[in-house]
Amino acid sequence: QGQLVESGGGLVQPGDSLKLSCTVSEFIAENFVMAWFRQAPGKEREGVSCFSATDGETYYADSVKGRFTFSRDNAKNMIFLQGINLKPEDTATYYCATSTAPWYGHSCPPHWDMQYWGKGTLVTVSS
């Protein structure tokens with residue numbers, strides 16, 4: 001069974017930066033998609049950023065382009081999400097997710113296509 005564990009959430013002020021980490025179980029043999037999703041109260045879970053091994057590209061939601069950066073450390077089986085200039089609307093529970101199925105879209109897959117999920121880490125942006 002794949003296991004993912006997020007860390008790095010917390011309370012930050014508008015304009016601050018934050019870096020989230022996710023440790024991906026070594027037992028997930030090959031991930032075609034590695035992603036960060038978020039879900040705010042009362043809203044649907046949305047893709048924030050993802051890496052697709054199918055085309056080697058990294059995708060971002062329009063709402064975070066230029067402010068969030070996705071990165072990976074394959075040697076440590078970890079993925080990261082760095083956010084700068086955080087806004088109150090970034091407040092959400094952030095989840096890392098992976099899928100072993102190839103993805104041919106030019107954006108992040110919908111959440112129902114992801115196979116493995118972490119339990120999430122809460123990010124609150126408030127003054």
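Remark: Q115 CD to S99 OG distance equals 4.0 Å, nearest 0.5 Å. Here N31 contributes atom CG and T100 contributes atom OG1; the two are 7.0 Å apart, rounded to the nearest 0.5 Å. Atoms CZ and CG, on F68 and L20 in that order, are 8.0 Å from each other to the nearest 0.5 Å. Between the OH atom of Y116 and the OG1 atom of T98 there is a distance of 7.0 Å, given to the nearest 0.5 Å. The structure places OG of S49 at 11.5 Å from CE of M34, a figure rounded to the nearest 0.5 Å. Going from atom CD of Q3 over to atom OG1 of T23 covers 11.0 Å, rounded to the nearest 0.5 Å.
Every residue was checked against the salt bridge (Lys or Arg N to Asp or Glu O under 4.0 Å) condition with K43, not counting sequence neighbours, and none meets it. Judged as a salt bridge (Lys or Arg N to Asp or Glu O under 4.0 Å), and not counting sequence neighbours, the contacts of R67 are D90. Partners of D55 under the side-chain contact (heavy atoms from CB on, under 4.5 Å) rule, at least two apart in sequence or in another chain, are S52, E57, Y59, H106. Residues meeting the side-chain contact (heavy atoms from CB on, under 4.5 Å) test with A53, sequence neighbours left out: F32, F51. Residues satisfying the salt bridge (Lys or Arg N to Asp or Glu O under 4.0 Å) test with E46, not counting sequence neighbours, are R38. In this view, S127 and P14 satisfy the side-chain contact (heavy atoms from CB on, under 4.5 Å) rule, not counting sequence neighbours. F37 pairs by the ring-ring contact (aromatic ring centres under 6.0 Å, His included) definition with W117, not counting sequence neighbours. Partners of K76 under the side-chain hydrogen bond (donor to acceptor under 3.5 Å, both in side chains) rule, at least two apart in sequence or in another chain, do not exist in this structure.
Residue pairs meeting the side-chain hydrogen bond (donor to acceptor under 3.5 Å, both in side chains) criterion with at least one member in residues 7-18, sequence neighbours excluded, do not occur. Among residues at least two apart or in separate chains, disulfide bond (SG atoms under 2.5 Å apart) pairs with a member in residues 60-98 are C22-C96.
Counting only distance, with no hydrogens or angles, the side chain of T124 and the backbone of T91 share no donor-acceptor pair below 3.5 Å. Judged by distance alone, the side chain of Y60 and the main-chain N or O of F70 form a donor-acceptor pair under 3.5 Å. For Q39 (side chain) and A92 (main-chain N/O), no donor-acceptor pair under 3.5 Å exists by modelled atom type.
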Show me the donor-acceptor pairs, under 3.5 Å and distance only, between side chains in residues 78-89 and residues at least two apart or in other chains.
residue: Q82; atom: NE2; partner: L18; partner atom: O; Å: 3.4

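Between G120 and T93, the shortest heavy-atom contact is CA-CG2, 3.9 Å. Counting all heavy atoms, side chain and backbone alike, P110 lies closest to W103 at CD-CH2, 3.7 Å.
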